[in-house]
Amino acid sequence: MKFGKEFRIHLEETLPEWRDKYLSYKPLKKLLKNIPAPAADNLPLDGPSPELHEWFVGILNEELEKFNDFYVDKEEDFIIRFQALKERIERVKAKGSTRAVFTSETEFSEEIMNIRKDFVAIHGEMVLLKNYSSLNFAGLIKILKKYDKRTGELLSLPFTRLAIHQPFFTTEPLTRLVRECEANLEELFPLEAEIVEGTPDERAQTGTTRTNESNASVETRLPLGGEETVDIYRSTLAAIKAIQGLKKASSTYNPLSLSYLFGNQDIEITGAVTEENSPCDSSVSSHKDDDAVEDVRSPK
């Protein structure tokens with residue numbers, strides 16, 4: 001399946017309030033089609049005019065700003081919510097050691113189940129944000145390659161080098177939060193942790209099957225989670241399916257190809273490409289010559 005279709009399907013299945021935060025992939029594709037090809041209008045073979053370059057780079061920088069603003073806001077929100085959850089569980093543990101605090105076993109169980117529901121919800125949102133990073137980066141590379149092909153310019157390399165240093169692409173803190181959340185789920189709710197997390201091998205083997213499960217099956221996997229949790233779970237599965245589509249092998253070697261970026265990394269199925277483990281980091285960032293990025297302005 002083509003990336004554009006995978007991307008569109010994911011947008012349709014993701015959380016509604018997230019949709020306008022993703023890359024404007026379809027509008028950017030249409031915009032590129034309106035740029036005259038060099039051969040058609042006898043444009044210089046060494047690339048488009050400076051005005052066209054500056055205009056297009058400005059559009060891409062606006063997209064980076066959008067990614068960064070949303071990603072940073074969400075990450076900060078997760079840190080605050082996760083800390084509050086840990087404090088809640090500590091209070092419940094303290095109350096549980098004092099039998100008189102809870103009027104009944106049912107009251108205690110309800111409080112525990114509410115905490116479990118919130119853990120599952122925030123875990124799903126954090127995984128979804130990691131995939132948000134990966135999908136937007138993948139879409140950005142696709143657009144850059146289309147621009148280079150259309151204009152004869154070589155913008156992909158310098159702009160990718162710029163993108164990998166943006167906040168939305170630096171997912172190590174978020175990855176640590178996800179792992180800490182999974183550790184809490186495993187400790188507090190072993191069965192639920194197995195459902196939500198699973199091993200990387202299990203996720204790789206069953207990702208496609210799980211994505212195709214019925215809504216009833218999803219709700220069975222997340223009892224007492226509520227509609228909001230189920231929506232997050234469905235959106236996360238859709239994102240994982242889209243990432244799996246990017247891992248299909250390519251017949252040619254290209255360090256900026258999507259199959260190389262997403263198919264040759266030792267990362268979790270739900271994880272994003274990070275600056276630390278990205279092959280782009282080793283093949284692009286290691287260049288000492290930064291002349292190619294002088295005309296690419298970083299978003300403020």
Side-chain angles (χ1 to χ4, degrees), residues 10-22 70-93 106-136 168 171 173-200 202-203 206-207 210-211 213-243 268-272:
H10 172 66
L11 287 185
E12 291 172 353
E13 297 183 359
T14 197
L15 299 175
E17 61 270 24
W18 286 44
R19 288 172 187 160
D20 63 347
K21 311 302 180 184
Y22 280 84
F70 181 73
Y71 186 93
V72 171
D73 286 347
K74 277 293 179 184
E75 189 175 56
E76 291 176 351
D77 177 61
F78 293 154
I79 292 171
I80 294 170
R81 286 166 57 192
F82 188 56
Q83 181 60 36
L85 269 176
K86 291 192 292 185
E87 292 173 0
R88 278 175 63 191
I89 200 65
E90 289 303 319
R91 287 196 297 269
V92 170
K93 286 180 179 178
T106 301
E107 182 183 352
F108 176 79
S109 297
E110 288 178 352
E111 180 67 15
I112 288 293
M113 287 300 100
N114 286 333
I115 292 175
R116 188 216 65 175
K117 179 190 71 174
D118 292 341
F119 262 113
V120 170
I122 195 172
H123 176 272
E125 287 183 68
M126 288 191 290
V127 170
L128 191 58
L129 187 63
K130 290 182 69 176
N131 282 283
Y132 170 89
S133 171
S134 294
L135 288 171
N136 281 314
F168 88 95
T171 62
L174 181 61
T175 298
R176 288 194 292 271
L177 274 179
V178 170
R179 289 172 180 167
E180 187 177 354
C181 184
E182 290 171 351
N184 277 270
L185 280 167
E186 184 176 359
E187 177 185 357
L188 299 169
F189 319 106
L191 179 60
E192 300 306 324
E194 181 181 348
I195 292 173
V196 173
E197 178 184 0
T199 64
E202 287 170 345
R203 288 195 295 263
T206 62
R210 288 182 180 177
T211 305
E213 288 175 342
S214 65
N215 293 342
S217 178
V218 172
E219 291 169 2
T220 302
R221 283 181 175 272
L222 293 176
L224 304 178
E227 286 299 321
E228 181 182 0
T229 304
V230 172
D231 289 342
I232 293 170
Y233 188 64
R234 290 195 189 109
S235 299
T236 305
L237 290 178
I240 292 172
K241 183 178 180 182
I243 292 297
E268 298 175 1
I269 191 70
T270 56

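Quantities reported herein were computed from a predicted structural model and do not represent experimental measurements.
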Assess whether side chain to side chain contact (heavy atoms under 4.5 Å, CB included) is satisfied between Gln83 and Phe78, documenting all intermediate values.
-> CA-CA 8 Å; Gln83 181 60 36; Phe78 293 154; over 6 Å; no

Which word best sums up how the rings of Tyr132 and Phe70 line up, parallel for under 30°, tilted for 30 to 60°, or perpendicular for over 60°?
-> tilted

From [X] [atom1] over to [Y] [atom2], what is the distance, rounded to the nearest 0.5 angstrom?
{"X": "Thr175", "Y": "Lys130", "atom1": "OG1", "atom2": "NZ", "value": "3.5 Å"}
{"X": "Glu182", "Y": "Asn184", "atom1": "CD", "atom2": "CG", "value": "10.5 Å"}
{"X": "Glu180", "Y": "Lys86", "atom1": "CD", "atom2": "NZ", "value": "4.0 Å"}
{"X": "Glu87", "Y": "Leu85", "atom1": "CD", "atom2": "CG", "value": "9.5 Å"}
{"X": "Cys181", "Y": "Phe119", "atom1": "SG", "atom2": "CZ", "value": "6.0 Å"}
{"X": "Leu11", "Y": "Lys21", "atom1": "CG", "atom2": "NZ", "value": "13.0 Å"}

Locate the shortest heavy-atom distance separating Leu129 from Glu75; write the atom from each residue and the value.
-> CD2-N, 4.1 Å

Could you tell me whether Asp118 and Arg88 make a salt bridge, using a distance below 4.0 angstrom between a side-chain N and a carboxylate O?
-> yes

Do Glu125 and Arg81 sit within salt-bridge range, that is, some charged N less than 4.0 Å from a carboxylate O?
-> yes

Going by heavy atoms in the side chains, are Leu128 and Trp18 under 4.5 Å from each other?
-> yes

